[in-house]
Amino acid sequence: MKLGVLFSGGKDSVYACFMAMQKEEVSCLITIVSKNKESYMFHTPNINLAALQSEACGIPLFEYETEGEKEDELEDLKSAIILARESYGIDGIVTGAIMSVYQASRIQRICSELDLWCFNPLWYVNQNEYMVSVVKSGFDVRISGVFSYPFDESWLGRSIDEKILQELKILSEKYKITLTGEGGEFETFVCDAPFFRKKIVIDNYESSCTNHNGTFIILKAHLEEK
Amino acid sequence: MIYICDLCGEPDSLSYYEYVKPIEEIVKSFGREFKTIHYTALSKNKPEKNDSFILCGTALMDNKFLEDSDKFRFIMDTEISVLGVCAGVQVIAKIFGGNISLNRKIGMTKVIKTEDDPLFEGKSEFEAYELHNNSFDAPDDFIILARSESGVQAIKHKKRVIYGVVFHPEVRNEWVVCNFLKIYGTV
């Protein structure tokens, strides 16, 4: 089965892609670029670097721009999926949804209307086991945004390793935040994954944070042999 | 032994992670051992008397289990406890003579209990996630335990521990699976 992965460049969509590749053929990555910073569905820092991630893993990228109006963006997503199907002949869509019924049910509806398969391989995953697997399987995942207490500027740009995972576990228990950032507490950017042929090296970035709300914007990056 | 049955069209599929593994996680967190089996392997290894059998859901595009529902006929004459989830309840309804009809629903819905039963102990209504193509008429041997706007949401065999739920309890209603396991533990 040929699949298109809804791709934000963060750990969940990259890991979902990794899982899908072990069972089916991933033909393209589909990225929705939202102009609306408050987008419920699609906004994420560094989305413009999906092209570099696509080059790193050798899977073609299908990019589609949306104004990011709350319900209109679903029509945009549908249009993007229709065009991706025309270009790559995909039979289904893969998402990195973990617990968001809001996100998953909307994508399920679009796929159902288009007679496409819908896969959410991280759905209700054991979050601890998932994060341990991310760290141990050779992913280089950077914190690219923080959006809740107690995260501050010191977290931005850090690579999620065993030490950070331990810190996250303590914080998740203390402050009732999700270990995966599923609740929007933080966002990530993947510089390397087991299926990447090359890794992304960050040359220059801009990091800013106020009131536990900050982003790590990658200004310049290049690919290096692994 | 608790058998968790994968009803996806093929063994070892990408859908396993979405429809089977979350059920495994609930059973694991309940502290019970289990064995997961794909339905095509039931001819070689199936639950026996006093075992428990949980039939999981499938992707919306995956309805092969309905063509293969005969593989589940052993449920009718084997003394096992059964919980069918989504695709699982459709299989139960079909083998016991219920009529399956098209009724596609995706998203949250309000489930209202219509009969007292230990499966919904302490809850008269709750929000649940449904993701299905079909509805069914409850077979003669079954009573309806809960409904929603779109139709039947839960059934139970009149004489045996055979339950079916249309909604997906692994999403926000793990307690339903836990209640089933408690009922199974007391059978």
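As a basis for the values below, the full set of heavy atoms in this structure was taken, side chains included, without hydrogen atoms, waters or symmetry mates. Residue numbers start from 1 in every chain, and the chains themselves are labelled A, B, ... in the order their sequence lines are given, proteins ahead of strands.
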Ring centre gap for B:Phe72 and B:Phe65 strictly below 6.0 Å:
no

Heavy-atom cut-off 4.5 Å, strictly under: side chain, backbone, both or neither for B:Arg172 against chain A?
both

Output field: ring centroids A:Phe216/A:Phe189 closer than 6.0 Å:
no

Please report whether the ring centroid of B:Tyr184 lies less than 6.0 Å from that of B:Phe30.
no

Does any backbone or side-chain atom of A:Gln22 lie under 4.5 Å from a heavy atom of chain B? Answer side chain, backbone, both or neither.
neither

For B:Asp12, is it the side chain, the backbone, both or neither that has a heavy atom under 4.5 Å from a heavy atom of chain A?
both

Just give me the residue among B:Lys28, B:Glu170, B:Lys21 that pairs up with chain A most often, heavy atom to heavy atom, under 4.5 Å.
B:Glu170

Heavy-atom cut-off 4.5 Å, strictly under: side chain, backbone, both or neither for B:Glu174 against chain A?
side chain

Can you tell me if CD on A:Glu167 sees more than 12 non-hydrogen neighbours from other groups inside 6.0 Å?
yes

For chain B, the option from A:Ser105, A:Cys111, A:Cys118 that forms the most heavy-atom pairs under 4.5 Å:
A:Ser105

Side chain from CB out, backbone as N, CA, C, O: work out which of these in B:Leu14 comes under 4.5 Å of a heavy atom of chain A, or both, or neither.
both

Within 45 degrees of the ring normal and closer than 6.0 Å to the centroid, is that where the cationic atom of B:Lys46 sits relative to B:Phe74?
yes

A:Met19, A:Glu24, A:Met1: which one forms the most heavy-atom pairs within less than 4.5 Å of chain B?
A:Met19

Less than 3.5 Å apart, any donor N or O on the side chain of B:Asp62 or B:Tyr19 sitting next to an acceptor on the other?
no

Please report the shortest heavy-atom distance between A:Leu122 and A:Gly96, naming the atom on each side.
CD1-O, 4.1 Å

Against chain B, label A:Leu116 side chain, backbone, both or neither, depending on which of its atoms sit under 4.5 Å from a heavy atom there.
backbone

